[in-house]
Amino acid sequence: MTRKRVLSGIQPTHDSFHLGNYLGALKQWVDLQEEHDAFYCVVDLHALTIETEPALLRKRILASAAQLLALGVDPDKCTLFLQSHVPAHNQLGWIMECLAGFGEASRMTQFKDKSQKTGTDRTVVGLFTYPMLQAADILLYQADLVPVGEDQRQHIELTRDLAGRFNSRYGQAFQLPDAYILKSGAKINDLQEPTSKMSKSANSMQGVIELMDTPEINVKKIKSAMTDTGREVVFDEKEKPGISNLLTIHSALSGKKISDIEKEYEGKGYGDFKAGVAEVVVEVLRPIRQRALELLEDETYLLKILTGGALKARAVAEKTMANAYQNLGLVQ
Ligand code: ATP
Ligand code: LTN
């Protein structure tokens with residue numbers, strides 16, 4: 001039986017990934033590579049939608065690859081590569097832009113949110129066409145499953161629509177992908193603002209647990225997490241968003257059921273509970289950070305992995321691309 005194809009991507013827009021990225025997506029990347037044919041990509045071209053000093057961008061791309069390897073993405077089990085190493089992403093991106101409607105693209109909430117924050121005059125066109133490049137990332141590899149957090153569901157729906165439109169208009173060329181979103185880590189919230197998602201571009205990093213932060217800093221952030229009135233550790237997203245978020249984090253990392261964690265802290269206060277959460281978080285993140293720092297010392301090794309990944313990715317992507325061009329009527 002052939003293994004199902006998986007593809008996902010993450011932007012190298014910051015020095016460190018955060019706990020939301022890890023629980024919402026990256027942990028699933030590691031699990032899925034065991035029994036699927038997985039392609040994982042640092043989407044460096046998407047990151048160009050944010051202006052970044054070149055030396056810093058380079059550093060962040062390598063740091064992203066190092067963190068992925070450190071948290072368990074294994075180049076012997078999957079294909080890890082950089083988006084810019086495979087030119088077919090840009091080629092198919094353009095085709096997707098020619099299929100997508102202007103109104104359809106205007107309805108993407110990630111674009112609406114981000115452009116609203118920046119203001120129309122300072123929003124680049126690449127932010128608007130971002131979902132069509134993302135569709136190309138996915139469709140080039142004929143992916144069946146796309147592991148992402150809840151916030152990406154709309155982009156995967158758009159990808160399905162574009163693939164279906166192409167197939168019915170020009171003949172079968174693309175597999176229709178499904179989003180792979182786990183309930184448990186789908187949305188991790190900011191520790192200081194527990195009703196909004198933990199995000200790399202948050203106003204303050206006080207509520208964001210970063211993989212590359214020291215254990216001391218992360219313990220401090222968890223201990224000063226915003227909690228709710230009352231003192232019982234119970235899951236209630238409406239009345240107790242802070243405690244519920246911490247329970248979600250604990251459960252996703254420790255593998256314990258939320259109801260069991262509630263029992264464990266029955267009769268104890270928020271202080272004890274936060275200390276417990278901090279311990280679980282640090283235990284998982286400490287070795288990841290350590291390994292990533294080691295990998296960053298060896299750029300030659302990182303580049304070797306990425307070059308090998310690009311070769312494998314290119315072979316698959318070019319085949320899809322040639323077929324799509326042919327279906328469109330472009331002279332081959
Ligand atoms: P930004 O908010 O600045 O756009 P981000 O922190 O959302 O960035 P991305 O690179 O957009 O990071 O996301 C990488 C992956 O992590 C995506 O699959 C996304 O769905 C997931 N993800 C991001 N934040 C969270 C979160 N708070 N909870 C669960 N999953 C998340
Ligand atoms: N848009 C995604 C990152 C991303 C992606 C992809 C995810 C780019 N290309 C392909 C899955 C598959 C984000 O903002 N998290």
Side-chain angles (χ1 to χ4, degrees), residues 5-29 32 38-50 52 60-61 64 67-68 71 81-84 86 89-90 92-93 96 108-115 117-118 126-127 129-141 143-160 162-163 177-203 205 207-211 245 248-249 252 313 317:
R5 193 53 77 67
V6 167
L7 177 124
S8 197
I10 187 151
Q11 297 193 72
T13 39
H14 295 80
D15 295 339
S16 176
F17 295 142
H18 59 71
L19 203 54
N21 300 140
Y22 181 64
L23 293 177
L26 304 177
K27 200 159 163 276
Q28 284 66 263
W29 291 23
L32 286 169
F39 285 74
Y40 297 132
C41 151
V42 175
V43 288
D44 48 2
L45 298 172
H46 276 113
L48 299 178
T49 53
I50 296 176
T52 312
R60 286 176 170 174
I61 293 169
S64 299
Q67 286 172 83
L68 292 174
L71 59 82
F81 66 103
L82 303 182
Q83 185 187 33
S84 66
V86 185
H89 289 249
N90 300 81
L92 188 60
M96 291 299 134
M108 293 297 116
T109 52
Q110 184 169 310
F111 170 73
K112 286 197 279 188
D113 292 349
K114 290 195 175 180
S115 58
K117 270 192 200 161
T118 325
L127 198 64
T129 57
Y130 178 118
M132 282 59 87
L133 181 58
Q134 179 169 354
D137 299 341
I138 298 167
L139 299 178
L140 277 176
Y141 300 90
D144 299 293
L145 297 177
V146 186
V148 282
E150 183 61 43
D151 60 337
Q152 292 300 305
R153 192 185 288 280
Q154 195 187 27
H155 287 172
I156 313 303
E157 283 302 316
L158 175 73
T159 303
R160 281 179 73 90
L162 295 175
D178 282 311
Y180 180 88
I181 301 177
L182 290 192
K183 264 209 185 122
S184 60
K187 188 166 177 253
I188 299 298
N189 286 333
D190 188 283
L191 299 188
Q192 290 299 330
E193 272 179 60
T195 49
S196 29
K197 82 162 191 161
M198 189 178 283
S199 159
K200 286 184 257 184
S201 35
N203 291 332
M205 293 307 277
V208 180
I209 298 293
E210 295 192 279
L211 268 49
N245 191 37
T248 303
I249 292 173

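Note that ligands are numbered from 1 as they come in the structure, with each ligand's atoms numbered from 1 the same way.
- Protein residues are said to neighbour a ligand when one of their heavy atoms lies under 4.0 Å from it; for ligand 1 these are Ile10, Gln11, His18, Gly20, Asn21, Gly24, Ala25, Lys114, Val148, Gly149, Asp151, Gln152, Gly185, Ala186, Lys187, Ile188, Lys197, Met198, Ser199, Lys200, Ser201.
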Query - Asp137 vs Gln83, side chain to side chain donor-acceptor pair (under 3.5 Å): CA-CA, chis, key distance, verdict - result: CA-CA 8 Å; Asp137 299 341; Gln83 185 187 33; 2.9 Å; yes
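- Counting only heavy atoms from C-beta outward, the side chains of Gln134 and Gln152 approach each other to under 4.5 Å.
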Would you tabulate the polar-atom pairs, meaning N/O of ligand 2 against N/O of the protein, with distances under 3.5 Å, reported to 0.1 Å?
unit_1	atom_1	unit_2	atom_2	d
ligand 2	1 (N)	Tyr130	OH	2.7
ligand 2	1 (N)	Gln134	OE1	2.8
ligand 2	1 (N)	Gln152	OE1	3.0
ligand 2	9 (N)	Asp137	OD2	2.7
ligand 2	14 (O)	Tyr130	OH	2.9
ligand 2	14 (O)	Gln152	NE2	3.3

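- A donor-acceptor contact shorter than 3.5 Å links the side chain of Tyr40 to the backbone of Trp29.
- Surrounding CZ of Phe111 are more than 12 heavy atoms belonging to other residues, nucleotides or ligands, all under 6.0 Å away.
- Remark: Thr118 engages no residue in a side chain to side chain donor-acceptor pair (under 3.5 Å) (not counting sequence neighbours).
- Annotation: side chain to side chain donor-acceptor pair (under 3.5 Å) contacts of Tyr141 (sequence neighbours excluded): His89.
- Residue-environment remark: CD (Glu193) stays at or below the threshold of 12 foreign heavy atoms within 6.0 Å.
- A pairwise comparison of heavy atoms in Ala136 and Gly93 identifies CB-N, 3.5 Å as the closest pair.
- With a 4.5 Å cut-off on side-chain heavy atoms, Pro177 and Leu139 count as touching.
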